[in-house]
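Starting from 1, each residue takes its place in the sequence as its number.
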Amino acid sequence: MPFTTLSACDVQNKKVLLRLDLNVSMHDGRITDTTRLERVLPTIRHLQTNGAKTIIVSHFGRPDGTLVMELSLKPVAEKLSELLGSSVNFCSETIGAVTQQAAENMNKGEILMLENIRFYSGEQANDKDFAKDLAGHADIYVNDAFSCAHRAHASTEGVTHFLSAVAGLSMQAELTALEKAVANPAHPVMAIVGGAKVSTKVAVLENLIEKMDVLVIGGGMANTFLLA
């Protein structure tokens, strides 16, 4: 599976649109599990060390195109800043003049996190104009959100029509492991698939069932299979 790696990309003084999955567990405004934040630190640090202007975009929860302040990414930006040990600036918008100006004012090595992209209906609809506006913030697109890569949304698929796409360090590790496990696995081999919704994983399951000796369904979607 050919893909461009981050190490092969010159990000010096470039604005990088970094797609992450920061859909963390939160209770009463407090993040209860920082695993997803910790896993993306190497990619962020790589960009920072190599002089990129990093613009982070992520979803959080399911606001379905409406503004739900309880699902703001601001607390996530604050926690990421704490874990990273350096400032993560926050922009209360994702597209528009305010965001564009914030991106233009960045210095190399700085990090800017945009507001929850699912506050905009154009994200899940993969609206071409929305994707173009989002891509307009940056020079390069880096996807380090493997858990979202199967979705044809504006921030995962749409922006790739306007920017050259590169795999982040976490994405690279996942793709390398997947290639090894699926393309030429050592039998017997088992796949364990979790998640809440079957509908978004049907194509993945159909592909795996031809290659695996055992397929284990977990997570919320296990209940759908049990019911069926």
Side-chain angles (χ1 to χ4, degrees), residues 5-7 9 11-63 67-96 98-120 123 134 137-149 153 155-156 159 166-174 194 196:
T5 62
L6 187 56
S7 58
C9 185
V11 297
Q12 179 70 22
N13 214 27
K14 301 282 182 63
K15 287 181 290 182
V16 174
L17 186 68
L18 175 61
R19 179 49 159 109
L20 301 177
D21 181 0
L22 304 180
N23 193 25
V24 296
S25 299
M26 190 177 293
H27 181 69
D28 292 335
R30 185 176 64 86
I31 296 172
T32 57
D33 186 351
T34 60
T35 303
R36 289 190 175 184
L37 299 178
E38 292 164 2
R39 284 179 177 169
V40 298
L41 293 179
T43 293
I44 298 173
R45 285 180 176 137
H46 175 94
L47 291 169
Q48 196 173 30
T49 301
N50 286 277
K53 303 171 184 179
T54 306
I55 304 167
I56 297 173
V57 59
S58 177
H59 72 283
F60 182 43
R62 297 178 181 173
L67 180 65
V68 182
M69 289 315 299
E70 291 79 7
L71 296 177
S72 172
L73 279 171
K74 188 173 183 180
V76 180
E78 292 169 353
K79 175 56 72 172
L80 183 60
S81 178
E82 178 185 320
L83 294 172
L84 193 60
S86 60
S87 178
V88 175
N89 299 316
F90 181 74
C91 183
S92 60
E93 297 182 10
T94 305
I95 60 170
V98 172
T99 311
Q100 194 67 40
Q101 190 62 54
E104 291 295 335
N105 290 340
M106 293 179 72
N107 296 313
K108 63 180 184 179
E110 287 188 341
I111 303 166
L112 174 68
M113 185 183 293
L114 307 184
E115 183 56 282
N116 189 344
I117 195 163
R118 286 191 182 172
F119 284 175
Y120 300 80
E123 161 64 355
L134 185 62
H137 300 325
D139 305 303
I140 301 169
Y141 171 69
V142 176
N143 192 337
D144 211 28
F146 180 79
S147 53
C148 303
H153 290 175
S155 66
T156 55
V159 294
V166 176
L169 300 181
S170 179
M171 174 73 82
Q172 180 181 348
E174 294 279 9

Quiz prompt | Distance, nearest 0.5 Å, that separates OG1 of T99 from CD of E93 | solution =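 Reported to 0.5 Å precision, the distance equals 5.0 Å.
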Self-check item: Step-by-step side-chain hydrogen bond (donor to acceptor under 3.5 Å, both in side chains) determination, S72 to E115
Solution: CA-CA 6 Å; S72 172; E115 183 56 282; 2.8 Å; yes
Where is the tightest heavy-atom contact between [X] and [Y], given as atom of each residue plus distance?
{"X": "P63", "Y": "N116", "answer": "CG-ND2, 3.9 Å"}
{"X": "C148", "Y": "T156", "answer": "O-CG2, 3.7 Å"}
{"X": "L22", "Y": "F60", "answer": "O-CD1, 4.1 Å"}

Quiz item: Considering residues at least two apart in sequence or located in another chain, which fulfil the salt bridge (Lys or Arg N to Asp or Glu O under 4.0 Å) criterion with E104?
Solution: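 If we apply the salt bridge (Lys or Arg N to Asp or Glu O under 4.0 Å) test to E104, skipping adjacent residues, the hits are K15.
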Exercise. State which residue, out of N23, I56, L37, fulfils the side-chain contact (heavy atoms from CB on, under 4.5 Å) condition with V76.
Key: L37
Exercise. Evaluate side-chain hydrogen bond (donor to acceptor under 3.5 Å, both in side chains) for S155 paired with R19, printing each intermediate quantity in order.
Key: CA-CA 7 Å; S155 66; R19 179 49 159 109; 2.8 Å; yes
Quiz prompt | Carboxylate-amine/guanidinium contact E38 R45, below 4.0 Å | solution =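 Looking at E38 and R45, the cut-off is not met.
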I want to check something: taking the side chain as every heavy atom from C-beta on, are [X] and [Y] in contact at a cut-off of under 4.5 Å?
{"X": "S58", "Y": "I117", "value": "no"}
{"X": "V24", "Y": "K79", "value": "no"}
{"X": "V11", "Y": "I140", "value": "yes"}
{"X": "I44", "Y": "L20", "value": "yes"}
{"X": "Y141", "Y": "V166", "value": "no"}
{"X": "L18", "Y": "L47", "value": "yes"}

Practice problem: Please check if any side-chain donor atom of S86 sits under 3.5 Å from a side-chain acceptor atom of Q48, or the reverse. | Solution: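 Yes - a donor-acceptor pair under 3.5 Å links their side chains.
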Practice problem: Assess the side chains of H137 and Q100: does a donor N or O sit below 3.5 Å from an acceptor N or O? | Solution: yes
Quiz item: Got a sec, which residues hit side chain to side chain donor-acceptor pair (under 3.5 Å) with T43, two or more places apart in sequence or on another chain?
Solution: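 Applying side chain to side chain donor-acceptor pair (under 3.5 Å) to T43 gives D144.
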Quiz item: Would the number of heavy atoms belonging to other residues, nucleotides or ligands and lying under 6.0 Å from NZ of K108 be above 12?
Solution: no
